[in-house]
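What follows is one structure encoded as structure tokens, with my remarks underneath.
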Amino acid sequence: MYKVCVIIPTYNNAGTIVEVISGVTAYCQDVIVVNDGSTDETASILQRLSTPVTLVSYPKNQGKGHALVKGFQKARELGFSHAITIDADGQHFPADIPILLNKMEEKPEAIIVGCRNLTEKNMPRQNTFANKFSNFWFRLQTGISFPDTQSGFRLYNLKALRWLPLITSRYEAELELLVFAAWTGCPISSVSVRVYYPPVEERVSHFRPVYDFFRISVLNTILCAGALFYRSFYFIKQALYTIFSFCFFLVDAIILTLAGFLLITVGGATEKHKFLYHRLLWKHARFIIRHVPGTKFTFHQPQGEDFGSPSIIISNHQSHLDLMAIMMLTPKLIILTKRWVWHNPFYGLIIRYADFFPISDMDDMKVKIRKKVDEGYSVVIFPEGTRSEDCRIRLFQRGAFYLAEQLRLDILPVFIKGFGEVLPKKSFHLHPGTMSLEVKPRICREKLTAEDNYKTLTRRMRHTYLKWNHEEVKLYRSKH
């Protein structure tokens, strides 16, 4: 589970610090206050607090960036996984903390920024300009458009803060934190929050327009140079990785196509040659999936499941790599594919040599499929049909369950994950990542009741896959 604390950096906020702490503790009991060398009554007020807080203090003012780094380091020492930062001047509403926490439940790996309404009443003109100025540089340095890069009301995944030793000590630190996070691939998300700016005569600000704008300009010049180097390096690395991966798969496709031509076309499409070709596909699939460049693969199969009895194998659908992952289960299987896959110029011949049928009218297909089942082959169908771009489980079609009912076959569920991240939909290159394939317990036809027709099985199995997917999301969050 997550452990969340709130970090409050403060410098000469004697008039507001107690109210801010009181508001925060209504939503989070773990509070770290960093006294950044205050010279007013702030230090003595913090000493007299009845509310228990963790206090980090030092005698000389070092700047907001330094205070944030000290707060992050303390939070890590205390074992927190996430930290919310909130300014001590009272401009943020602690009642908006649940908004950040709710967003964290969706994206625990992200940095979440509470974005303000920059047209709010009493919003200082110099703050509006500074934020637009910062947003422009952030877009230039990362390619990401973001509405409020200067907000101090944020939730950080502490594991994502890998560049803390390089963070500068003043106001520009908050922009640096976002830039470095973007460069390292950490997601950056936003939520809308309220903001309050008191009248000018009540306002406490430590922003020095000339000096701080000069520091920010120098920093952004350095970051732009770093962005140019980083992007060039990333582009070259990705290009080389993509070329190598393409050649890797191209060579394998050529080998399998030639083998199919020799065994099936030249040797004759005998049952023996067909099985030899399926066995070759099975061995190649096992090798390829376990050696996809830049990835790791894990496989789990229930004890006693040997695929000896034909079944309808169903699986969620994420990537072109799914086909190869399923092919590594057993030599004796056929896959029902979409017609465009059957005609694919890259691996279409392999699909046809292996008798992987294009999906058409299911009643017309039953005779061909029954023949392969009688030869001991299982049938693979992706019930989703079309895969989603974000790997969510889409609606299941009834074809797989109708076929299982008509042919009196067991259903064997397979759950895959990570394939859509390694080779996303509409992407032409591979990404490093972790893939896994898990064979779930077989659903025996004999154990189904009269109410378990193909329509009810369709709904039930989709809910089961949604549950498995939800469990994987929860497991990921618990580890991060």
Side-chain angles (χ1 to χ4, degrees), residues 2 4-9 20 23-24 27-28 32 34 64-65 67-69 71-72 75 80-120 123-124 127-164 167-168 170-197 207 216 219-220 223 227 480:
Y2 314 123
V4 184
C5 67
V6 176
I7 298 173
I8 308 175
V20 171
V24 165
Y27 301 94
C28 181
I32 299 173
V34 183
K64 187 177 184 182
L68 287 172
V69 170
F72 293 141
F80 291 101
S81 62
H82 294 75
I84 294 173
T85 59
I86 187 169
D87 292 343
D89 58 5
Q91 68 166 283
H92 302 304
F93 289 76
D96 287 340
I97 286 176
I99 298 175
L100 296 175
L101 294 175
N102 288 337
K103 192 68 173 181
M104 181 192 72
E105 290 294 326
E106 297 177 21
K107 298 184 175 181
E109 73 282 5
I111 291 176
I112 301 163
V113 180
C115 293
R116 304 161 294 177
N117 178 6
L118 299 182
T119 61
E120 192 75 30
M123 179 76 169
N127 289 46
T128 303
F129 173 76
N131 194 54
K132 291 180 178 178
F133 187 66
S134 177
N135 295 348
F136 165 77
W137 284 110
F138 181 72
R139 183 169 61 251
L140 188 66
Q141 292 152 5
T142 66
I144 301 172
S145 295
F146 203 77
D148 188 359
T149 56
Q150 286 294 299
S151 172
F153 195 19
R154 303 179 179 183
L155 187 146
Y156 290 91
N157 172 11
L158 293 176
K159 286 187 177 180
L161 302 182
R162 307 173 187 172
W163 299 66
L164 288 185
I167 299 299
T168 53
R170 298 291 171 178
Y171 284 98
E172 65 274 11
E174 287 175 318
L175 174 62
E176 284 180 286
L177 286 165
L178 292 185
V179 171
F180 290 151
W183 285 358
T184 54
C186 175
I188 301 171
S189 188
S190 66
V191 292
S192 295
V193 297
R194 296 168 293 171
V195 64
Y196 167 72
Y197 281 101
F207 185 78
I216 292 171
L219 170 69
N220 281 311
L223 288 177
H480 293 75

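- Looking at heavy atoms from C-beta onward, Thr149 lies out of side-chain contact with Glu174 at the 4.5 angstrom threshold.
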Run the numbers on Phe72 and Thr85 for side-chain contact (heavy atoms from CB on, under 4.5 Å), then give the verdict. CA-CA 9 Å; Phe72 293 141; Thr85 59; 3.9 Å; yes
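- Val20 and Ala88 make their closest contact through CG2-O, 3.7 Å (heavy atoms, listed as atom of the first residue, atom of the second, distance).
- Side chain of Asp87 to backbone of Asp89: no donor-acceptor contact under 3.5 angstrom is found.
- Residues Ala83 and Ile7 share a closest heavy-atom pair of CB-CD1, 3.7 Å.
- Across all non-hydrogen atoms, the minimal contact from Cys28 to Val4 is SG-O, 3.4 Å.
- Among all heavy-atom pairs drawn from Tyr2 and Ser81, the shortest one is CA-OG, 3.5 Å.
- Side-chain atoms of Tyr156 and Arg154 form a donor-acceptor pair, as typed in the model, at a separation below 3.5 Å.
- When the side chain to side chain contact (heavy atoms under 4.5 Å, CB included) test is applied to Ile99, the partners found at least two apart in sequence or on another chain are Asp96, Val191.
- At distances below 3.5 Å, at least one donor-acceptor pair connects side-chain atoms of His82 with backbone N or O atoms of Pro108.
- Between the side chain of Ser151 and the backbone N or O of Val113, no donor-acceptor pair lies under 3.5 Å.
- Of all heavy-atom pairs between Phe146 and Ser189, the closest is CZ-O, 3.5 Å.
- To the nearest 0.5 Å, the span separating CZ on Arg116 from NE2 on His92 amounts to 6.5 Å.
- Note that the CG atom of Leu155 and the CD1 atom of Ile84 stand 5.0 Å from one another [nearest 0.5 Å].
- The two residues Ala75 and Leu158 make their nearest non-hydrogen contact at CB-CD1, 3.8 Å.
- Separation of atoms CZ (Phe153) and CD1 (Ile112) is listed at 11.0 Å; rounding is to 0.5 Å.
- The shortest distance between side-chain heavy atoms of Leu177 and Leu164 falls below 4.5 Å.
- To the nearest 0.5 Å, atom CD1 of residue Ile188 and atom CD1 of residue Ile144 are 5.0 Å apart.
- In this structure, OG in Ser190 is found 9.0 Å from CG in Asp148, a value given to the nearest 0.5 Å.
- Taken from CD1 in Ile111 to CG in Leu161, the straight-line distance is 5.5 Å, to the nearest 0.5 Å.
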